[in-house]
Structures are given as structure tokens and as C-alpha cells.
Amino acid sequence: MIRVRFAPSPTGYLHVGGLRTALYNYLLARRHGGKFLLRVEDTDRTRLVPDAVDNILDNLRWADIYPDEGVGCQPEGEHGPYTQSQRLPIYRKYADQLLEAGLAYRCFATAEELAEMRQNHGGYDRRYRDYDVAEAKKRADAGEAHVIRMKVPVGESLEFDDLVRGHVRFDSNQVDDQVILKSDGFPTYHLAAVVDDHEMEITHVIRGEEWLTSTPKHLLLYRFLGWTPPRFAHLSLVVNIQGKKLSKRDGDVSVNEYREQGYLPAGLLNFLALLGWSNGDNREVWSVSDMEKVFALERVHPSPAVFDFDKLRHINQQHLFAMEDTAIADLLPEWFTKAGLPVPERDYLVRVVGLMKQRCSLLPDFVGGASYFYQDPESFDETTARKRWKPESGELVREFADRLQALPGWTAVELEASLRELCEARGQGAAALIHPVRLGVSGVGGGPGLFEMLEVLGREVCVRRLRKAAEVLK
RNA sequence: GGCCCGGUGGUCUAGUGGUCAGGACGUCUGCCUUUCACGCAGAAGAUCACGGGUUCGAACCCCGUCCGGGUCACCA
């Protein structure tokens, strides 16, 4: 049984790169009928962000890639607790075990000493590695602050087969005697992750490339503890156009921001999946449930990927196009509320969606980008007015408004017939009225087919707006 | 700087010895249309980072170089 985990640290909000990592983990679990767990790695008390866990949970729920086990589940599961700060005795136990086995040692170097070592010879000089054990214990028992470091063997080759990068080899001489238990009694990432991954029976560790170089330490820890390591898959980073790790300076990096801009979770997820994964068949539009059926780490490739906003928008639009008008309409009320507009009646909204769908790529496009369906235009686009509003337009529009007032039916077909009839009677081409009417009724030069638009808008609204436009424009 | 990973049009990618190097986004052109968009048709855009090999034949295999990134914390 495959068991994978997404293990964010609550030092900030969920990042798009984090969501991609979570997605790949989730997909692998689904593909093989395994379990996807969520573990919170909060061992750094200095960087904790109070509502980070809530944010991560909330965004995962939004994306619908919710864990099967762990934080956020009710109950959490049998391998808990899944929050590292609640597992301190466990880490302590293993640290002690390593101490007793002589695979780790107490180190009393102060922050000042370490800073000096870094300056002078570029790293910890292992000064306590061979320090007398009894003496060290005595100092520790006396309450002296210290950390526990792992005793990394000298001159060994540490290698493993990464599922996305292939064979990777490190020289143990490059690995420092990593701190595994801090002086505050909390474990570092290295110990905590290894212990938890083992105890939680994780089979595949899928994480970002930034962890690649610490994998040899983890391998050593597994060996020291007598455990079999899981398989590893190191994902490339999501980078900006300059090739650097995507950061706040590059714009929107937290999932929240995409959510607030009105991207569909399906669109964001699809786009993120494509940043490093492809099925090899030229298909690009995928639902999560379709990806679940075919996802394979072998098809994830190792080079970094640039986050391309245009492509994201396009993928999102594809998902929008694939949705039923009613389903889109169901998502819209909150966007009206956000825009400070009353929520239109549902049937009306569904009709608007039908007309606007091809013209929208984000949810708020149906609101702000179609405002004339909900409010009379406050102004008329100047460029369009200059181009389309002729001296005789006012009179023509006024006449058309009168006709609409009296028109027996109100279908697009009847509206069109009426307009063309009037134009013919006045010796004008239809365009002479079509464009001014569009401008008058919507305030802008583009939009859905005019007659469908008038039909949806309704008689009263059209007549009112046209009369107003004929007055205002000249 | 040491170590590690990466390198196919601007971007995401397909491709593991023989194809005109395929697809998508974006860009441009045309068609459609009452407009915008969608859609359709087409175009431009790649010395497959570079240099050596191996081979009858390399984007694909080997070596070197360059460039980019990651990592070297009592952060994850």
C-alpha cells in the first residue's frame, strides 16, 4: 500500500509550489489506491505563523485534494499525532537511542563559537565529536545547554535512486554533523521527518528539490535507526522568468491570491500539474480525476519550470468552457457580493453566463466584465462613441426605443427583424443602428450578439437605456 | 567557493540512435461575425547550451566546457 504525505511547515500561507507538491502526492496515492496524509512540521517555534495551518487546510479543501489521514481529518488517524510539536517525546527517545549507540553526540558549542567557525573555516569543526561521553552527560545533567548531532561517517559514498532524477551519489565527507535535536528540545527537520516518515509508514517521499542535498543525512539516519528508507522523488522548483525560485516579488505566490482572482481550483491544479508532468500524449486539459488514472512519477521531469500566467489563464478558461452554465452560475453569488452588487436572480444569471462564457476566463469576468447586465451603464466608451455614433444616430435610436416599447414579442429573432425593418425604412444599413444600440445599451463596443443581449436584458431596461443614450450622446 | 541537480522555439512540453524535431500558450495574418470573444485556417519563431568523441547515422550514448538553479543554520 502506497502511503505518501504532504508535510508543510506553518511558517506561511500555502504556496503554489506547495500545492503542486501536494497534488503530486495526492495523485500518486489515488493512482495506486494508497493514502495521502497531511503532517504539520512545526518544529521551528520562532517562525510560526498563527493561522498558517488554517490557511493550508482551507486552501487544500478549496482545491479538493484533502488528506485521507492526518491533520484536518476527523479523527486524524492511527499514526498520530500528526503535528510534530505534539511528538516531542518520540524524537527525544530516538535521539537518546542514537546517543547510546554512539551514532550521535552532545555538542556544547555556543552560537558565538559556531558563528566564528563559519567565518574561519566554513562550518562546524566537529569539536565535540570525540568529547568524553561521561563528561558530556555530566554537563548535560547539570543543565548545560547543548544540541545533539549525528556522527556522520567519514569517506563513505551515500547513494540512492531518485524516482525523478535517477541515481544520485554523495560523498559523506560533504555532509556535516547535522544537529538533530536542538537545545530547546525540539528536533530539527531531519530527525523529525525521518522518524515520522518511518512511524507513519510513508513509502514515497515526494518533495521539492531543495531537499535533495539533505537526503544523504536522511539516508544515514534511516541506517542508524535500523530502518528501510522510503523511495524518494525530488521535484524541480517552480521558478520565475529569471529562473529563480518563485517568490513574493514575482507577484502572486500564495494559493489564496489565485483563489481571490477567481481561478477555478481545477484550472490551477491542471496548470500546476503540467509544470513538470505530462502524459506524453499531447493532452493538456485534465481534470484531477482523469490525472488520477494515469499519473506516474516516471513521467515527471527534473528541470525547473517557469510559472506562465498566460498559460494558466488559458487552462482555466478551458475548464470554464467545459462547465455547464448552471454550474458556473452557482459559483457566482460570492463574486457579486465581493463587488458590492446584489446577486441577480438565478435564471437570469444562467442566461448571462450562456452569453458571456466564451468571453470570460476568470469567475469575476462574469461580474465586472459584464456589468451592463446588472446595472445601467454609467458612461459610454469614448473611442466607440467617436467611431459608431453618427449625427443621425440619436434620432434612430430614439425611434428604435419607441418600436421596442410597442413590440408585441421579445425574442432575439423579433428584435432583429424590428431593427432591420426600421433601418430599411430609413434607408440605412443595419450597422447604422446596431452599433449605436449596442453602445447605448451596454456602454461599450464589444460583447455578445446584440439581439440575444437585448432579449436577456428585457424591454424595460432596453427602452430606458436607449432613451437615456439618445439624450446624452450627440 | 565545495557538493548536488538541471539545460528542446519567449514559455510549458513530446521525444531515449534514423521524424521535415511533434503539441500547447503567447505573438502575427486571414476567415467567420453587427462588435468583442469563441471557433477555423495559416505564419513567424529552435545552430535541440557549446565543443569534442562513439556510430553508417545523434536532441537522444560518452567526455569536457559553459550557463542556470539548489544546498552548505540549534529554518523548513
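The sequence lines fix the lettering, A, B, ..., with proteins before strands; numbering per chain opens at 1. What you see is a predicted model, and the numbers here were worked out from it, not measured in a lab.
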Pairwise C1' distance, B:U13 and B:C56 [rounded to whole Å]: 32 Å

Value in whole Å for how far the P atom of B:A73 lies from CG of A:Asp44: 15 Å

Separation of the C1' atoms in B:C75 and B:C63, to the nearest angstrom: 39 Å

Sugar-phosphate only, base, or nothing, as touched by A:Arg149 at under 4.0 Å among non-hydrogen atoms: sugar-phosphate

Sugar-phosphate only, base, or nothing, as touched by A:Tyr189 at under 4.0 Å among non-hydrogen atoms: base

Listed nucleotide nearest any side-chain atom of A:Ser303, set B:C25, B:G6, B:C5: B:G6

Touch class at under 4.0 angstrom, heavy-atom based, for A:Glu284 against every strand present: base

Nearest-nucleotide pick for A:Leu274, side chain only, options being B:G6, B:A37, B:C12: B:C12

Any side-chain donor near an acceptor of the partner, A:Tyr105 and A:Asp177, under 3.5 Å: yes

Touch class at under 4.0 angstrom, heavy-atom based, for A:Ala109 against every strand present: base

Sugar-phosphate, base or nothing in reach of A:Thr43, heavy atoms under 4.0 Å: sugar-phosphate

Passing option when A:Glu144 is tested against A:Arg139, A:Arg106, A:Lys137 for salt bridge (Lys or Arg N to Asp or Glu O under 4.0 Å): A:Arg139

Side-chain donor-acceptor pair present, A:Tyr131, A:Arg126, cut-off under 3.5 Å: no

Sugar-phosphate only, base, or nothing, as touched by A:Ala305 at under 4.0 Å among non-hydrogen atoms: sugar-phosphate

Sugar-phosphate only, base, or nothing, as touched by A:Arg299 at under 4.0 Å among non-hydrogen atoms: sugar-phosphate

side-chain N/O A:His314 vs B:G26 OP1/OP2, d < 4.0 Å: no

Nearest-Å distance once atom C1' is located in both B:C60 and B:U16: 5 Å

C1'-based separation of B:G6 from B:A49 [nearest Å]: 12 Å

Nearest listed nucleotide, side chain of A:Ile241, among B:U11, B:G69, B:C5: B:U11

Per A:Lys311 side chain, nearest of listed nucleotides B:U71, B:C3, B:G23: B:G23

Touch class at under 4.0 angstrom, heavy-atom based, for A:His234 against every strand present: nothing

5′-ward residue of the pair A:Ala7/A:Leu275 relative to RNA chain B: A:Leu275

Value in whole Å for how far the C1' atom of B:C25 lies from CG of A:Leu272: 16 Å

Rounded distance (Å) that lies between atom C1' of B:G26 and atom CD1 of A:Ile315: 13 Å

Atom P, compared across B:G2 and B:C62: separation rounded to whole Å: 24 Å

A:Tyr222/A:Tyr94 aromatic ring centres below 6.0 Å: no

Under-4.0 Å side-chain N/O to phosphate OP1/OP2 contact, A:Thr213 with B:C3: no

Sugar-phosphate, base or nothing in reach of A:Val168, heavy atoms under 4.0 Å: sugar-phosphate

Contact nearer the 5' end of RNA chain B, comparing A:Cys360 with A:Arg47: A:Cys360

Short side-chain N/O contact from A:Arg283 to OP1 or OP2 of B:C12, under 4.0 Å: no

Same-atom distance (P) from B:C4 to B:G39, integer angstrom: 48 Å

Sugar-phosphate, base or nothing in reach of A:Lys244, heavy atoms under 4.0 Å: sugar-phosphate

Ring geometry between A:Phe309 and A:Tyr258 (parallel below 30°, tilted from 30 to 60°, perpendicular above 60°): parallel

Touch class at under 4.0 angstrom, heavy-atom based, for A:Thr11 against every strand present: nothing

Sugar-phosphate only, base, or nothing, as touched by A:Val147 at under 4.0 Å among non-hydrogen atoms: base

Interatomic distance at C1', B:C20 relative to B:A46, whole Å: 14 Å

Nucleotide nearest A:Leu450 when distance is taken to its side chain, options B:G15, B:C75, B:U34: B:U34

A:Leu269 CG - B:C12 P separation (whole Å): 20 Å

Sugar-phosphate, base or nothing in reach of A:Pro448, heavy atoms under 4.0 Å: base

Sugar-phosphate only, base, or nothing, as touched by A:Leu114 at under 4.0 Å among non-hydrogen atoms: base

Any side-chain donor near an acceptor of the partner, A:Ser278 and A:His301, under 3.5 Å: no

Donor-acceptor side-chain pairing of A:Thr411 and A:Glu414 below 3.5 angstrom: yes

For atom CG of A:Asp176 and atom C1' of B:U71, their distance in whole Å: 11 Å

Any side-chain donor near an acceptor of the partner, A:Ser254 and A:Asn256, under 3.5 Å: no

